[in-house]
Amino acid sequence: MTTAYADMTTDQVWAERRRLAALRDPAMMGRYLQPQHYYARAHTKLIADQLTRLGPGGLNRLMIFTPPQVGKSVLVSEQMPFWWLAKHPRDRVLIGSYASSLAVRKSKAVRTKVEEHGAAFGLHLDPHDRGAADWSLTTGGGVKASGVNAALTGFPGNIAVVDDPHKNRKDTESKVMRDNVWSWWSSTVITRLSPGAPVVLVQTRWHEDDLAGRLLRKEGNVKDGGRWTVINLPAIATDANDPLGREPGQPLSHPLIADDDTEALAAHWRDKRGSVDARDWGALYQGDPKPREGALLKQEQVEHQRHFGIEVGRLRRAVSVDPSGGGKDTAGIVAGFLGSDQKVYITHDWTRVMPSTEWARQVCLLAYETGAQVIYVEKSYGGDLSIIPVAGAWDQLQNEGRIPRSALKPWIEPKTARSGKYVRAEPIAQAWLEDRVRTYAYMPELEDEWETYVPGASESPGRIDASVYLVYGLLQLPGSEQHIGSAAGVSLQQASGTQAPGGLGSISLGRGR
């Protein structure tokens, strides 16, 4: 036992160790304050670690985006200010939110923690300055709560926490309201901070021009040489460089679900995904808001074309792929069929970030699962070599037993993107409006891309391209140039060294459905 603990009882030693552990980060402080109720999860541990980097020589501007109701506000707006004051008892903490009442509630929560646990860290309320919205410590530090439009006159802040500056989608859709939040930020929050004071902005994304979006546009992301460090934790991972180290498709942790219960986590987020529209899923849950103005299709138009599970004959089944370039971007993979009513039904969306060795396997697995008779591959990827990855993947999957050897290979038709995305996508959008294209299952990400893609946008959504090739092929629309002169295309049997007899009528019909 060290000299510091020499005169302590065993209970006192353990209490001191718990106190010192609480100073490591805000999540540990949460465990100290509520040992029976607070449990740190993977995402809150990550956020807490980032918060410890705030200050001189560390982070100066930090943005944190998460889905709603995953504990970010409790951690950042209640536990972190108490933790910060325990380490910096002379600092003044600003807590801001869209409404003064919400900011005051957070201020009161921190004050309650000081009243109940502050003595262990040398924190005591100033008896002459202990209001709900503005209170001080005997050491000189304290907290000031401010809603949008509230004044901060005379308050010198050493750190600012802005939690949900926008109330809801309705408010955020209004440019007047967005400008109002920006004015509060620019003329009130920033002007009251002392030199070098760190700022934390934690919010659910609502709009591409919300406070976070405007700040990133004006001041930039650290990764791109800008000012802000951004931690985006989507409900379902989409990036190979996910902050939590998740693979694309893996779920986010949740305060009420154990980290190792991946089935429960996945089920929770699937339920959320099925309960909100595509736009809200992308913005609120994935941290990826997109513009709606000028898009190819409107949300109500896409939703009108949902025809889930209706009885219709399937004349031809297909899988379409817009391949990823070296695994650095998204491989668009969709499946569908031409119905006996001469309408295309999109049934599956397996799009995600993956290398060529993986997207080719996923295409073959989806083709086998759906009984596809043809696979459309975007020719621009690898030119004439676009057939080879798919052909090789089919053979490999049969060797592994994932696809039975009795299953015949589908046809392949490489498609050439001869014009810009908008030019080739516009006829498909028109076909959607004319009730020639329908969705056969709920695919929010696919819907979202059609509802948000704006002509002239620099990015190239994989789901749009894949579904464009699918509809062009199944409906045999003009402009669907094929890899060779024959209208039949090239079979995977030919690509793998075996000649398929005859034309399209003699190719495999797959498993059939």
Side-chain angles (χ1 to χ4, degrees), residues 25-27 29-30 33 44 47-48 50-52 54-55 59-66 68 71-118 121 123 125-126 129-137 139-167 180-194 197-204 210-212 215:
D25 62 58
M29 181 61 77
L33 297 174
T44 50
I47 295 172
Q50 294 297 315
L51 294 173
T52 64
L54 294 167
L59 300 182
N60 182 255
R61 296 287 187 270
L62 176 64
M63 288 184 186
I64 301 168
F65 308 142
T66 76
K72 66 180 184 298
S73 291
V74 171
L75 176 64
V76 179
S77 300
E78 298 180 17
Q79 292 168 190
M80 196 279 280
F82 180 84
W83 170 83
W84 186 271
L85 290 172
K87 295 177 69 67
H88 309 279
R90 301 178 67 177
D91 278 4
R92 301 283 290 173
V93 180
L94 166 64
I95 300 176
S97 190
Y98 65 82
S100 292
S101 58
L102 182 59
V104 168
R105 187 160 70 241
K106 298 178 187 301
S107 170
K108 291 171 66 176
V110 181
R111 188 185 64 179
T112 298
K113 290 174 174 54
V114 172
E115 292 171 335
E116 296 177 353
H117 304 279
F121 302 94
L123 303 179
L125 290 174
D126 183 339
D129 187 11
R130 51 186 303 158
D134 187 357
W135 50 267
S136 299
L137 300 170
T139 52
V143 168
K144 170 73 173 181
S146 170
V148 173
N149 296 325
L152 290 171
T153 305
F155 182 86
N158 303 104
I159 182 173
V161 178
V162 177
D163 185 355
D164 280 334
H166 301 280
K167 181 178 181 180
N180 192 39
V181 172
W182 176 258
S183 178
W184 169 74
W185 169 271
S186 179
S187 64
T188 303
V189 178
I190 295 302
T191 60
R192 303 312 307 169
L193 294 179
S194 59
V199 179
V200 183
L201 172 59
V202 56
Q203 68 168 88
T204 296
D210 57 20
L211 180 58
L215 283 169

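Here the side chains of V202 and I47 are not in contact, with every heavy-atom distance at 4.5 Å or above. At least one side-chain heavy atom of E115 sits under 4.5 Å from a side-chain heavy atom of R130. By the 4.5 Å heavy-atom criterion applied to side chains, T204 and K72 are counted as neighbours. Looking only at side-chain heavy atoms (C-beta outward), W135 and D126 stay at 4.5 Å or farther from each other. The shortest distance between side-chain heavy atoms of F121 and P89 does not fall below 4.5 Å. Contact check for Q50 versus L59: side-chain heavy atoms found under the 4.5 Å cut-off. Between W185 and V148 there is no side-chain heavy-atom pair separated by less than 4.5 Å. Contact of the L51 side chain with the W84 side chain is not registered, since no non-hydrogen atoms from C-beta on lie closer than 4.5 Å.
Evaluation of the side-chain hydrogen bond (donor to acceptor under 3.5 Å, both in side chains) rule for T44 yields no partner, not counting sequence neighbours. Among residues two or more places apart in sequence or in another chain, the side chain to side chain contact (heavy atoms under 4.5 Å, CB included) test is passed with V74 by E78, Q79. The side chain to side chain contact (heavy atoms under 4.5 Å, CB included) search around S187 returns S183, not counting sequence neighbours. With sequence neighbours left out, D210 forms a salt bridge (charged side-chain N to carboxylate O under 4.0 Å, His left out) with R205. Legend: residues meeting side chain to side chain contact (heavy atoms under 4.5 Å, CB included) with R105, ordered by chain and number and at least two apart, are L102. Applying the side chain to side chain contact (heavy atoms under 4.5 Å, CB included) rule to A197 yields the partners L193, S194; only residues at least two apart in sequence or on another chain are considered.
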Side chain to side chain contact (heavy atoms under 4.5 Å, CB included) between K113 and L33, worked out: CA-CA 8 Å; K113 290 174 174 54; L33 297 174; 3.5 Å; yes

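Residues S107 and A132 come closest through the heavy atom pair OG-O, 2.7 Å. Between T52 and P26, the closest heavy-atom pair is CG2-CD, 4.2 Å. Counting all heavy atoms, side chain and backbone alike, D129 lies closest to D134 at OD1-O, 3.4 Å. The minimum heavy-atom distance linking G147 with S100 is given by the pair N-OG, 3.4 Å. Among all heavy-atom pairs drawn from S77 and K106, the shortest one is CB-CD, 3.5 Å. The two atoms that bring R92 and P156 nearest to each other are CB-O, 3.3 Å, heavy atoms only.
Of the candidates L201, V200, V162, L201 is the only one forming a side-chain contact (heavy atoms from CB on, under 4.5 Å) with M63. Of the candidates N158, V161, I159, I159 is the only one forming a side-chain contact (heavy atoms from CB on, under 4.5 Å) with P198.
Side-chain atoms of S73 and D163 include a donor-acceptor pair closer than 3.5 Å.
Between S97 atom OG and Q203 atom CD the span is 10.5 Å, to the nearest 0.5 Å. If you take CZ on R111 and CZ on F82, they are separated by 14.0 Å, rounding to the nearest 0.5 Å. In this structure, CE on M80 lies 12.0 Å from CG on D25, to the nearest 0.5 angstrom. Here the CD1-CG distance, from I190 to L215, works out to 7.5 Å after rounding to the nearest 0.5 Å. Rounded to the nearest 0.5 Å, atoms OH (Y98) and CG (N180) are 15.0 Å apart.
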